[in-house]
Amino acid sequence: MNSKKQNDSEFPYLILNPSCSLKCIEYPCIYNKINDNLYKLNEDTLKFFRENQVLQKNSIPQTIRKFVEFLKQESILLDSKTPIRKRKFILNKPPIPSLRYLLIHLTLQCNLHCRHCYVAPNENKFITINTIKKIFDQMQELQGLVVLLSGGEPLCHPHFWKINEILPSYDLRFEMLSNGTMITSDMAERLNVQHVQVSIDGMEKSHDFLRGKGSFRKAIKGIENLKRVGKEVSVSTMIHKENIKDFDDMKEMFDKYGIKQWLINQPSAIGRWRDNLNSAVPLETAIKIMVEYGRGEGPHQSKTNRTCGSHICTVLADGRIFPCPFLNDEELSMGTIDKAGLRKAWENYTGITVEELEECKSCEFLEQCHGGCRFRAKEHGNICGKDPVLCAIYKRKCLNKHTK
Amino acid sequence: MERHKATAYERYTAQYARSGGRIGTIYLEIERVPKESKYRTSAVPMIKLFCKSLGKCGV
């Protein structure tokens, strides 16, 4: 018996991958929460999946065999010994633009006291489990894709492990943004999130300068623990004066750990960083580092006329909803989880469109830059004004140098 | 059945019996949605704030 026939007799069924779910954003889609792959479907294909979550291999019509083969290649369909029970997908009409990503500050508490933290001060404030369930339910109902568990340090939430237990019951991908220092080997194994982003802000001396003595070794141990159990890990690095010479060493270290996504940013002048601006580096230096070392992918592509945050909003630790954790002045509040709820808050939020950016109208780079970040524009004096950082990037010679 | 394009975009026109035994022509289309590059095609870095959102704000 050839290997295909042997495989077919051992696994006579093809089933819809339990990590994949049918959703409806701007279009019908399949989302795989394990690998973050999103597939756009037409209506016929949506119907096909609603009717066929299990296929018996020996009765697959010739006409769709190649299609089925593609679905197998993409791990949308999996070999199975037995058929599965049909799953129910609630395909609600979503708001447009869709709310795909949600950042939650689970708690403001943190075990570190970093020089650049924007969330400071370190308060004993956290979202209750009931509210968290409500948020996840609402996000799922809204056809959302990803929930980013942040803070503070998410692991400092007093009931984090109870939250962790309910994660697998949702058709949502969970990504945790952590300082990594508390992730023991046992914890890494227990974590039900699909992805962990760990902050590494330099090699030992410069990282500890920013985050406190001993934090580097603990964070690296955290990464090792996560990698040992096969968890997907990315790294986020803030550029500061002490670490600008470390990037080659960091690259070597991250390559060794198989880190595919390395986000490199520059801290913004808020929170504790305001008192530490003498450790900031010039923008030109930061750009060079980001271009040379940064890697990885961003959100799923989408075309909207919004400036930033087309598909994301934030729930703070007190339950208030904002466009992003930086745009959190009371007049920009979108409501609260308890009163407005996520759907109403998102539906009523109009965002800022590219057409509203009076100062950018004549800019030749507007189509590419899309206006950049509204928080930086606001800090610069006008929320509908220019984002000085993106202006600097697009208008510098480095743009031409790198576009050639 | 016609396969129009390989790679991440697949389109098929197929005769297929739906539930109830009804046979009709259906157009099966599936496309993997690409992700934004952290470094746009022009290699201009998407400089973000320290916002920890994994760049999902799209800036």
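Note that the coordinates shown come from a computational prediction; the quantities given were computed from them, not determined experimentally. Atoms considered below: every heavy atom in the structure, side chains included; atoms not considered: hydrogens, waters and symmetry mates. All chains are named by letter (A, B, ...) in the order of the sequence lines, taking the proteins before the strands, and each is independently numbered beginning at 1.
Distance check: F326(A) CZ to C57(B) SG gives 9.5 Å after rounding to the nearest 0.5 Å.
Between L28(B) and F70(A), the closest side-chain pair of non-hydrogen atoms is not below 4.5 Å. Under the 4.5 Å side-chain criterion, counting only non-hydrogen atoms from C-beta, D36(A) is in contact with K35(B).
Residue H300(A) comes nearest to V33(B) through the heavy atom pair CB-CG1, 4.1 Å, listed as atom of the first residue, atom of the second, then distance. The shortest heavy-atom contact between D44(A) and Y27(B) is OD2-N, 2.8 Å.
Contact of Y27(A) with chain B is made through the side chain alone, with heavy-atom distances under 4.5 Å. In this structure, chain B has a heavy atom under 4.5 Å from the side chain of I76(A), while its backbone stays farther away. Interface remark: I270(A) contributes no atoms to any contact with chain B (heavy atom separation under 4.5 Å).
Open room surrounds NZ on K260(A); 12 or fewer heavy atoms of other groups in view lie less than 6.0 Å from it.
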